[in-house]
Amino acid sequence: MNKTTTATKFNVNDKKIKSPRVSELMRFIRRFKKNKRGVIGFLMVLFFVVVAILAPWIAPYSPFDQDAGSAMNSPSLEHIFGQDRYGRDILSRIIYGARISLIIGFFGVVISVIFGAGLGTLTGYIGGKFDTIIMRLIDILMAFPGFLLALAIISALGPGLVNVVIAIGVFSIPAFTRVARSTVSSVKNNEYVEAAHAMGASHISIIFKHIIPNSMAPIMVLATMRIATALLTAAGLSFLGLGAQPPTPEWGAMLSEGRDFLQSAPHISTIPGLAIMFVVLGFNMFGDGLRDAMDPNMKL
Amino acid sequence: MTINNLVQIKNLKKHFPIKKGLLSRTVGNVKAVDGINITINKGETLGIVGESGSGKSTMGKSILQLLKPTEGEVFFEGENLVGMKRRNLIKIKREMQMVFQDPYSSLNPRLTVDKIITEPLKIHGIAKGVKAKEQAEELLETVGLSKSQSKRHIHEFSGGQRQRIGIARTLALKPKLVIADEPVSALDVSVQSQVINLMQDLQETFNLTYLFIAHDLSVVKHISDRVGVMYLGKIVELSDKKSFFDKPLHPYSEALMSAVPRIDPLSKKKKIILKGDVPSPANPPSGCSFHPRCPYAMEICKNKEPALNKVNGRYVACHLY
């Protein structure tokens with residue numbers, strides 16, 4: 001059995017290696033698997049994603065059911081993570097909170113990839129004066145501390161989850177613009193781009209067919225890492241009462257609710273804090289692993 | 001104009017501005033191509049040789065309008081390409097294609113071979129789907145690869161095979177003119193000859209006209225009908241192959257030829273070793289731009305630029321003739 005598999009592996013003309021795209025992916029996975037931290041990060045992320053998806057089935061209680069009698073109970077066998085000031089089960093709230101946090105992180109980053117990377121691709125491709133002007137504007141945006149920018153946007157739009165997603169999307173735009181621009185301006189100097197011009201290809205088809213596929217790697221890595229930042233910022237905004245509104249089980253908001261009972265019932269704040277930490281850590285380690293597997297020389 | 005001329009280049013110039021400072025003022029020009037007049041005949045191979053930085057590639061790209069010429073005219077079958085509207089230009093681009101120097105960067109690593117080869121067909125709406133796929137396979141076989149390789153990515157191919165793929169892509173549009181920009185200089189010597197022979201076979205089969213840019217004289221000697229020598233953005237000698245290799249006229253051509261290693265150790269021919277580097281094309285020497293390095297330089301060379309004159313049926317730009 002073993003012999004036959006090695007034999008097919010080395011037979012280049014074998015039909016099984018029909019799609020090299022798969023083999024390219026396999027090589028990438030093999031490289032990624034060597035990086036233990038990256039794998040651990042990936043597993044952490046996967047764990048939270050699974051938890052978020054299965055929330056209604058795995059949560060032991062409803063995240064909203066109150067029980068005044070057992071308010072602020074410490075962790076016990078019935079309530080592994082304890083209960084908050086209204087007697088709600090913290091574990092269930094954490095499980096449902098994973099949904100909210102991941103959705104905010106994901107859509108926030110999607111917004112910044114579409115606008116940020118889109119703009120960066122354009123400036124990198126067009127270059128010249130357009131590039132100079134746009135990049136100086138991006139520099140201005142970058143000069144704001146990210147969190148302050150998010151705060152400013154929230155105060156303009158008003159609190160709420162959707163606005164948090166928008167604020168987070170906007171504040172990540174500069175990072176994506178810069179990375180996309182620098183990647184694109186190096187990719188566009190490849191001869192295959194010039195070859196496409198020589199064939200008479202339009203700019204749009206060159207951008208979509210040649211430039212974007214070859215500039216994706218660093219953007220994917222940045223997106224993974226930025227989900228962590230987005231999550232953290234969202235939690236921060238909710239902590240300040242500007243994001244998710246009670247009784248939404250958002251981790252940052254839960255952290256904030258437990259603030260008054262740090263001495264009497266520290267688990268109310270600690271548990272959501274740990275959840276935030278692990279998700280952020282997971283995404284960061286996963287992103288680092290992705291980066292190393294894609295290109296060890298790449299720096300972000 | 002006779003039908004024999006496929007391309008006629010008149011006073012072609014391409015200057016790159018040198019920009020400096022905060023407001024990017026133009027402080028000078030790199031005269032990469034500086035006044036070239038040349039005709040490419042149908043069915044011939046015109047070899048262009050010269051040192052790095054002599055403007056060979058820039059000339060090739062300016063002919064294709066990949067770089068907009070600063071001045072001059074490029075006639076392709078009697079139509080001036082310079083300043084032509086993009087839409088019309090794209091139609092003409094079908095007729096003229098380019099083979100690039102580096103087969104490692106001239107093919108998109110994300111695409112499969114059949115997608116690379118059929119890209120020009122799709123751009124010009126000639127074929128798609130199954131028909132395009134069939135054409136890709138046919139072209140692969142034309143350039144000596146097998147059609148079973150059409151679904152592979154190019155990282156699975158060697159340099160020579162990649163250049164064959166590049167040539168297949170060039171042929172997809174059935175062009176009349178192929179500008180080959182040092183197509184073999186990135187390849188191993190053993191593979192070079194295969195690719196060159198392939199290009200010669202294809203020239204016969206498809207009735208192609210080549211503008212073959214190279215810095216390797218032996219390659220040019222093998223493939224060309226006529227040879228042009230470029231120095232600092234100008235053609236200094238243009239001659240048919242046989243008389244050029246028998247006796248180069250321009251002192252620069254002579255120096256180039258003497259730099260080719262000889263097999264005969266007793267050969268008495270003395271080597272001309274040029275002094276100094278190629279002067280900067282941003283600030284070329286006065287008069288004949290070759291005079292600071294020329295072993296035969298005369299007083300007149302410093303002051304007066306020689307014109308490309310006809311000498312015994314060949315053209316040379318030198319005050320000696």
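Hydrogens, waters and symmetry mates are skipped; everything else that's a heavy atom, side chains included, is used. Throughout, protein chains are lettered first and strands after them, A, B, ... in sequence-line order, and every chain is numbered starting at 1.
- Using a distance-only test at 3.5 Å, with no hydrogens or angles considered, no donor-acceptor pair links the side chain of A/S172 to the main chain of A/G169.
- Side-chain atoms of A/I207 and A/K188, non-hydrogen and from C-beta on, never get closer than 4.5 Å to each other.
- For the pair B/E137/B/E141, no side-chain contact is recorded, criterion being any heavy-atom separation below 4.5 Å from C-beta on.
- Test A/R178, A/R136, A/R181 against A/D131 for salt bridge (charged side-chain N to carboxylate O under 4.0 Å, His left out) and you get one pass: A/R181.
- Proximity to chain B involves both the backbone and the side chain of A/S202, based on heavy atoms less than 4.5 angstrom apart.
- The closest side-chain heavy-atom distance from B/E77 to B/K176 is below 4.5 Å.
- Of the atoms belonging to B/R169, it is side-chain heavy atoms, and not backbone ones, that fall under 4.5 Å from chain A.
- Ranked by heavy-atom pairs shorter than 4.5 Å toward chain A, the options B/I123, B/I90, B/N108 are led by B/N108.
- Neither the backbone nor the side chain of B/Q65 comes within contact range of chain A, judged by heavy atoms closer than 4.5 Å.
- For B/L107, the part lying near chain A is the backbone, with the side chain staying farther off; criterion is any non-hydrogen pair under 4.5 Å.
- With salt bridges taken as basic N to acidic carboxylate O contacts below 4.0 Å, none links B/R162 and B/D102.
- Of the two parts of B/K61, only the side chain, counted from C-beta on, holds a non-hydrogen atom closer than 4.5 Å to a non-hydrogen atom of chain A.
- Ranked by heavy-atom pairs under 4.5 Å with chain A, the first of B/Q97, B/M98, B/E119 is B/E119.
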